[in-house]
Protein chains: 2
Amino acid sequence: MAAMADGKSSEQEIVRDRMTGGEEIDFELIELLFFAYRDFISDPDAILFKKGFGRAHHRVVHFVNRNPGMTVADLLETLRITKQSLARVLKQLIDSGYICQLEGPEDRRQRRLYPTKAGRALALELAKPQSRRIAKAMSGREKDMRETVLGFLGGMRDGGDK
Amino acid sequence: MAAMADGKSSEQEIVRDRMTGGEEIDFELIELLFFAYRDFISDPDAILFKKGFGRAHHRVVHFVNRNPGMTVADLLETLRITKQSLARVLKQLIDSGYICQLEGPEDRRQRRLYPTKAGRALALELAKPQSRRIAKAMSGREKDMRETVLGFLGGMRDGGDK
DNA sequence: AAGATAGGTCAGCAAGACTGACGCATTGAC
DNA sequence: GTCAATGCGTCAGTCTTGCTGACCTATCTT
């Protein structure tokens, strides 16, 4: 469990004023990112739930469709999870016929991942409501908005400064 | 478990071409949102881990600091989780002295939530690296970028069209 | 032949979401 | 004044999706 927040009773004093960032911190943007992402994944979540899948399956289906022929190692790198975590959902997707594995053409240890037609269809179905949401958020301002948002989100990534 | 993806063997055909959105679907933005959000929450995650807390604690601390005096019901609405899920993390935060509850002044059934000084400090500490990341992503382009991004993220929210 | 690599798998743990049920204090309507 | 509704807490159990550590096979590299 967590440590007690310091013995000094002053630390326990109640704070009644709203936390605003001032010049310092952009709480508005921080919050908005939380709300936007929460709602953004809610659409596919609902679709997946009906099929007995979860978010983890979504990610796998998405990236395999975006990069057909990627190896398991590639996928692990992209998702940044352990192979044991991946194994569970990947196995379910293979058993259900959404993804299949082919032996690597040069290196036969590799399992190249490809979507089936059903897998491609699923990926598209999941992307559609998300795309609609994005279109709504841009609503007519695509021209000035998309490039800016792309730049911003790219810069938010870990290696995104170059 | 999940249903088999249709008996038709054509559904099992391997698809080898990369899924691109064409005019239809903005996969680039969809992916970028995933990567950006993943890295965005990784900074506070690391800090929280050392204190024995998780993401759920972050959200609670954040919103209580942003809206001191909010009720438990308000918080449930904001986070969109069940009270049983909230109860666990809230209790830990109260026990650790980061948040405290005061009886509602009008309605004594309510528990108004306030941060302690330690709670305020924690919220700020968690926000700092996120704010730094945002600043980096904007790097000198704050002027044209912030309003656009704010508009975009606002539009991504469920009620965000008005 | 030996070691490194790609991948699969078993077993167990934890966080954080969920459901359903129930208890207690307080409020508000009748 | 009684009683239902409300705000909140809590017990018990489930599920997904992360994690660790250990160990196995097949294949490639040296």
Side-chain angles (χ1 to χ4, degrees), chain A residues 1-2 34 37-38 41-42 44-62 64 69-96 99-114, chain B residues 1-2 34 37-38 41-42 44-62 64 69-95 99-113:
Chain A
M1 249 301 297
F34 164 71
Y37 194 76
R38 181 195 60 185
I41 57 173
S42 72
D45 269 5
I47 298 171
L48 290 157
F49 181 76
K50 293 180 205 154
K51 296 190 157 39
F53 292 142
R55 267 171 224 181
H57 302 85
H58 185 186
R59 288 173 201 144
V60 172
V61 167
H62 172 88
V64 170
M70 76 192 305
T71 65
V72 171
D74 292 338
L75 194 48
L76 288 176
E77 253 252 45
T78 302
L79 300 177
R80 300 229 186 116
I81 58 175
T82 58
K83 68 175 170 176
Q84 295 91 330
S85 298
L86 175 59
R88 244 182 333 230
V89 297
L90 184 54
K91 190 172 189 320
Q92 291 171 359
L93 288 168
I94 291 167
D95 290 348
S96 308
I99 286 179
C100 68
Q101 298 178 308
L102 298 185
E103 215 170 55
E106 269 114 57
D107 188 336
R108 293 176 47 215
R109 290 171 302 181
Q110 293 178 342
R111 297 297 126 93
R112 301 287 187 146
L113 302 171
Y114 292 92
Chain B
M1 249 300 297
F34 165 71
Y37 194 76
R38 181 194 60 185
I41 56 173
S42 71
D45 269 6
I47 298 171
L48 289 157
F49 182 75
K50 293 181 206 152
K51 296 190 156 41
F53 291 143
R55 266 171 224 182
H57 302 85
H58 185 186
R59 289 173 200 144
V60 172
V61 166
H62 173 89
V64 169
M70 77 192 304
T71 65
V72 171
D74 292 337
L75 193 48
L76 288 177
E77 253 251 45
T78 302
L79 300 177
R80 299 230 186 117
I81 58 174
T82 58
K83 67 176 170 176
Q84 295 90 330
S85 297
L86 175 59
R88 240 182 340 230
V89 297
L90 184 55
K91 190 172 190 323
Q92 291 170 0
L93 288 168
I94 291 168
D95 291 348
I99 285 180
C100 69
Q101 298 179 309
L102 298 185
E103 217 169 54
E106 270 113 58
D107 188 335
R108 293 176 49 215
R109 289 170 304 181
Q110 293 178 341
R111 297 296 127 91
R112 301 289 187 144
L113 302 172

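In this text the structure is predicted, and so the values were computed from the model without any measurement. Sequence lines set the chain letters: A, B, ... in the order given, protein chains first and strands last, and positions in each chain run from 1.
With sequence neighbours excluded, no residue forms a salt bridge (Lys or Arg N to Asp or Glu O under 4.0 Å) with A:R88. With sequence neighbours excluded, no residue forms a salt bridge (Lys or Arg N to Asp or Glu O under 4.0 Å) with B:R38. Every residue two or more places apart in sequence or in another chain was checked for a salt bridge (Lys or Arg N to Asp or Glu O under 4.0 Å) with B:D74, and none qualifies. Listed by chain and number, the residues in a salt bridge (Lys or Arg N to Asp or Glu O under 4.0 Å) with A:E103 are A:R108 (sequence neighbours excluded). With sequence neighbours excluded, no residue forms a side-chain hydrogen bond (donor to acceptor under 3.5 Å, both in side chains) with B:R111. Legend: residues meeting side-chain hydrogen bond (donor to acceptor under 3.5 Å, both in side chains) with A:K91, ordered by chain and number and at least two apart, are A:D95. Residues passing the side-chain hydrogen bond (donor to acceptor under 3.5 Å, both in side chains) test with A:S42: none are found, sequence neighbours excluded. Under the ring-ring contact (aromatic ring centres under 6.0 Å, His included) criterion, A:Y114 pairs with no residue at all, not counting sequence neighbours.
The closest side-chain heavy-atom distance from B:I41 to B:H58 is not below 4.5 Å. The shortest distance between side-chain heavy atoms of B:L79 and B:L76 does not fall below 4.5 Å. A 4.5 Å side-chain heavy-atom check between B:T78 and B:M70 finds at least one atom pair inside the cut-off. Using a 4.5 Å heavy-atom cutoff, the side chains of B:Q101 and B:L90 are in contact.
Nearest-nucleotide positions on DNA chain D place B:D74 closer to the 5' end than the other of B:D74 and B:R88. Each of A:R59 and B:A87 lies near DNA chain D, and the nucleotide nearest B:A87 is the one positioned closer to the 5' end.
The nucleotide range of DNA chain C contacted by chain A, defined by atoms under 4.0 angstrom from heavy atoms of the protein and reported 5' to 3', is C:dA4 to C:dC10. Using a 4.0 Å cutoff to heavy atoms of chain A, the contacted part of DNA chain D runs 5' to 3' from D:dT17 to D:dC28.
For the contact set between residues 104-111 of chain B and DNA chain C, defined by any heavy atom under 4.0 Å, the members are B:E106, B:D107, B:R108, B:R109. Residues from residues 76-83 of chain A with heavy atoms under 4.0 angstrom of DNA chain D, sorted by number: A:R80, A:I81, A:T82.
A:R112 and A:G104 get closest at one heavy-atom pair: CG-CA, 3.9 Å.
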